[in-house]
Amino acid sequence: MKLAILVALLSLPAFAQEDGGIQGAVEVSAADAPLVEVVDTVVVNADAPVADAGETIILRAGEPAPVDGLLLPTAIAIAEAKRHQREAVENASLRGSITPVAWWAIVTVGVLAAGAGVGLGYGLAKLPPPK
Amino acid sequence: MEKLLAALHLDDPASLKRALTTILGAVTLLGINPLLAKWNIPPIDDANLAMVAGLLATFILQSGANSVTAKLAAAKAAGDAAADKVKTIEDAKKVFDEVKP
């Protein structure tokens with residue numbers, strides 16, 4: 001199998017390593033492991049196609065990668081988890097501020113029905129008395 | 001009834017205030033001239049009614065904007081607090097487990 005390591009987040013200076021190891025998220029195939037240098041404790045991202053989410057793996061030089069998938073070094077995994085958590089809580093908080101469409105429909109129908117009733121009553125009251 | 005009020009956010013005092021202002025304003029603006037006519041008092045000019053309606057609308061919009069700002073700030077604070085709790089790789093794993101499709 002062809003060697004293929006995709007370094008997706010190499011531009012993040014905060015995670016630069018002195019020993020020249022792989023930084024950031026790496027998409028790695030089990031067969032491509034010989035290219036993997038010592039990186040870090042990594043956690044498999046939830047979007048990984050094969051690996052179990054949350055699995056912690058330590059890669060060392062020359063060791064085969066234990067799974068196919070997207071691997072995240074610890075610092076990035078924590079940052080990603082923070083982002084996920086922040087978005088989830090913010091969305092949940094804001095979702096509670098939105099009135100469901102069903103309630104708007106009920107209120108709209110109620111207002112229209114009340115308006116029709118008042119209009120009908122007014123019209124009937126204004127009718128000339130039968131001769 | 002409580003569920004309906006909660007769904008329409010009328011359990012929120014700021015929202016209830018806007019709703020009451022809207023209803024009372026509409027009733028007043030629509031009913032004031034017929035009432036004055038009934039008492040043989042000259043009606044209020046349309047321009048004056050429009051000015052009052054504009055003031056009410058301004059108040060309601062401003063109050064709504066304040067509420068939105070407060071809710072966004074509260075959501076951001078809640079999100080930041082939740083994110084701050086993720087400190088270790090174990091915490092991160094739990095989060096990934098929760099968002100796993």
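Here is how names work: the chains are called A, B, and so on, in the same order as the sequence lines, proteins then strands, and each is numbered from 1.
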Problem - Part of B:Thr88 lying under 4.5 Å from any heavy atom of chain A - result: backbone
Practice task
For residues A:Ile78 and B:Asp91, determine if any side-chain heavy atom of one lies less than 4.5 Å from a side-chain heavy atom of the other.
Solution key: no
Review item, side-chain donor-acceptor pairs of residues 51-65 of chain B, under 3.5 Å, at least two apart:
{"residue": "B:Thr58", "atom": "OG1", "partner": "B:Gly54", "partner atom": "O", "Å": "2.8"}
{"residue": "B:Ser63", "atom": "OG", "partner": "B:Arg18", "partner atom": "NH1", "Å": "2.9"}

Fill in the blank from the handout: d(A:Gln85 CD, B:Lys94 NZ) to nearest 0.5 Å is 11.0 Å
Fill in the blank from the handout: Hits for side chain to side chain donor-acceptor pair (under 3.5 Å) against B:Thr28, two or more places apart or cross-chain, chain-then-number order -> none
Practice task
For chain B, find its close neighbours in residues 104-115 of chain A: heavy-atom separation under 4.5 Å, sorted by number, or none.
Solution key: A:Val107
Fill in the blank from the handout: Filtered by a 4.5 Å non-hydrogen cutoff, the part of residues 72-82 of chain B contacting chain A is B:Leu72, B:Ala75, B:Lys76, B:Ala78, B:Gly79, B:Asp80, B:Ala82
Exercise for the section: Give the cluster check for B:Leu49 versus B:Trp39: same hydrophobic cluster or not, with ILVMFWY residues linked at side-chain heavy-atom distances below 4.5 Å. Expected result: yes
Exercise for the section: Would you kindly confirm whether B:Ile41 and B:Ile32 end up in one hydrophobic cluster when ILVMFWY residues are joined by side chain heavy atoms under 4.5 Å apart? Expected result: yes
